[in-house]
Amino acid sequence: MRILGIETSCDDTGVAVYDSATGLRAHVLYSQLGHGAFGGVVPELASRDHIQKLAPLVRDVLSRASLDPHGLDGIAYTAGPGLAGALLVGASFARAFAFALGIPALGIHHLEGHLLAPYLEADAPAFPFLALVVSGGHTLLADVAGVGRYRILGESRDDAAGEAFDKTAKALGLGYPGGPAVARKAAEGRDCGIMLPRPLTDRPGLEFSFSGLKTAVLRLIGEEPLTPARQADIAHAFQEAVVDTLVTKCERALRITGHRQLVVAGGVGANQRLRERLNGALAALGARAYYPRAEFCTDNGAMIAYAGSLRLAAGAPDSGQLGVHARWPLAELSPP
Ligand code: KG4
Ligand code: ZN
């Protein structure tokens with residue numbers, strides 16, 4: 001089964017072709033950089049950019065996959081959660097194209113795409129597993145029993161981990177997107193006694209909260225002139241605080257659930273320091289972590305094509321509905 005996957009939930013236009021017999025055939029991505037000047041994604045600009053880029057990217061990916069559109073068996077697109085206008089661009093395109101080709105179209109949950117992304121790699125876990133989703137919009141731990149069988153164990157009450165990276169980057173003058181910029185700066189920083197909170201690690205439970213950490217960073221920045229060395233030390237302290245918090249919660253969730261496999265998905269999953277620290281902590285527990293390659297941690301079309309191929313192969317019907325969901329709890333999904 002050959003599935004075209006389309007991702008337009010935020011500021012990345014991702015398109016891919018996944019073949020259930022041979023694996024990923026091709027994938028392309030256009031990352032909108034124009035939002036940097038505004039310090040964050042501007043929804044209306046994101047929608048317009050998706051409109052301009054989507055058709056040429058689809059043509060490009062089909063040519064890279066050496067596939068005629070009539071060789072497709074279905075089209076999967078991100079139906080939520082995300083920016084409503086941006087989602088509608090992908091959904092309308094996918095539905096119109098599928099209608100013209102006489103094949104089914106299927107709306108996919110963005111976070112399901114993220115947490116199944118490790119299956120795009122040769123070394124993938126078997127179900128069940130624990131999943132940590134850490135993106136720009138979400139931070140959550142889920143018990144994953146199978147496709148569409150997700151039990152949320154804890155999530156962020158306020159900012160997502162990626163959002164905290166982005167806001168810290170903005171406050172430090174490091175630009176957008178903030179995660180990779182903060183990670184690069186942090187590598188130049190030292191352990192110099194800057195203490196930042198590890199939110200909610202001192203009480204039981206698997207909930208997250210990152211807005212207090214962001215406020216603590218803003219206070220630190222106001223205390224002294226922001227020299228390049230100070231900037232690096234704050235980035236370092238911030239990254240350690242986020243990583244410590246995520247590692248503590250993952251250890252706790254592994255103990256509670258008894259799982260020995262952890263899938264780490266979403267943009268912050270590309271963070272090398274997080275991977276290093278998780279690998280160490282999990283080895284001590286006799287557990288191991290699975291990560292998609294960095295380009296499949298951040299938003300991409302391959303994860304949507306893959307999730308679509310699983311659901312369509314299992315007989316998921318085309319709803320015929322164009323509706324997208326800006327908000328859409330992961331726990332509302334059911335198996336195909
Ligand atoms: O999954 P994603 O591409 O989009 C959402 O679904 O939100 O995640 C984007 C987030 C951004 O907040 C970005 O700053 C963060 O992931 N990110 C990182 C790294 N690469 C991307 N955060 C920390 N370290 C990184 N290397
Ligand atoms: Zn995402």
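All heavy atoms count here, side chains included; hydrogens, waters and symmetry mates do not. All figures in this text were calculated on a predicted structure; none of them were measured in a lab. Remember, it's 1-based here, ligands and their atoms both numbered in the order they're listed.
- Glu7 and Asn300 share no donor-acceptor pair across their side chains, judged by distance under 3.5 Å alone.
- Arg277 and Glu240 are joined by a salt bridge, as a carboxylate oxygen and a charged side-chain nitrogen come within less than 4.0 angstrom of each other.
- Using a 30° and 60° split on the angle between ring planes, His27 and Phe296 fall in the perpendicular class, above 60°.
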Exercise for the section: Test Phe129 against Phe127 for ring pair (Phe, Tyr, Trp, His ring centres under 6.0 Å), laying out the working first. Expected result: CA-CA 6 Å; Phe129 55 76; Phe127 293 112; 5.5 Å; yes
Are there any N/O pairs under 3.5 Å between ligand 1 and the protein, and if so, what are their distances?
| residue | atom | partner | partner atom | Å |
| --- | --- | --- | --- | --- |
| ligand 1 | 1 (O) | His114 | NE2 | 3.0 |
| ligand 1 | 1 (O) | Gly267 | N | 3.0 |
| ligand 1 | 1 (O) | Asp299 | OD1 | 3.2 |
| ligand 1 | 3 (O) | Asp299 | N | 2.9 |
| ligand 1 | 3 (O) | Asp299 | OD1 | 3.3 |
| ligand 1 | 4 (O) | Asp299 | OD1 | 3.2 |
| ligand 1 | 4 (O) | Asp299 | OD2 | 3.1 |
| ligand 1 | 6 (O) | His110 | NE2 | 3.0 |
| ligand 1 | 6 (O) | Asp299 | OD1 | 3.3 |
| ligand 1 | 7 (O) | Gly136 | N | 2.7 |
| ligand 1 | 7 (O) | Gly137 | N | 3.2 |
| ligand 1 | 8 (O) | Gly136 | N | 3.4 |
| ligand 1 | 8 (O) | Gly267 | N | 3.4 |
| ligand 1 | 12 (O) | Gly162 | O | 3.0 |
| ligand 1 | 12 (O) | Asp166 | OD1 | 3.4 |
| ligand 1 | 12 (O) | Asp166 | OD2 | 2.7 |
| ligand 1 | 14 (O) | Asp166 | OD1 | 2.6 |
| ligand 1 | 14 (O) | Gly179 | N | 2.8 |
| ligand 1 | 20 (N) | Gly267 | O | 3.4 |
| ligand 1 | 24 (N) | Asn271 | ND2 | 3.0 |

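- Here the protein contributes His110 NE2, His114 NE2, Asp299 OD1 as N, O or S atoms under 2.8 Å from the Zn ion (ligand 2).
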Exercise for the section: Could you walk me through whether Phe93 and His50 pass the ring pair (Phe, Tyr, Trp, His ring centres under 6.0 Å) test, one step at a time? Expected result: CA-CA 10 Å; Phe93 184 98; His50 287 308; over 10 Å; no
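- By the 4.0 Å N-to-carboxylate-O rule, Glu44 lies close enough to Arg48 to be salt-bridged with it.
- By the ring-ring contact (aromatic ring centres under 6.0 Å, His included) test, Phe38 pairs with no residue at all, sequence neighbours left out.
- For the ring-ring contact (aromatic ring centres under 6.0 Å, His included) test, no residue two or more places apart in sequence or in another chain qualifies with Phe208.
- Few gaps surround CZ on Arg293; more than 12 heavy atoms of other groups in view lie less than 6.0 Å from it.
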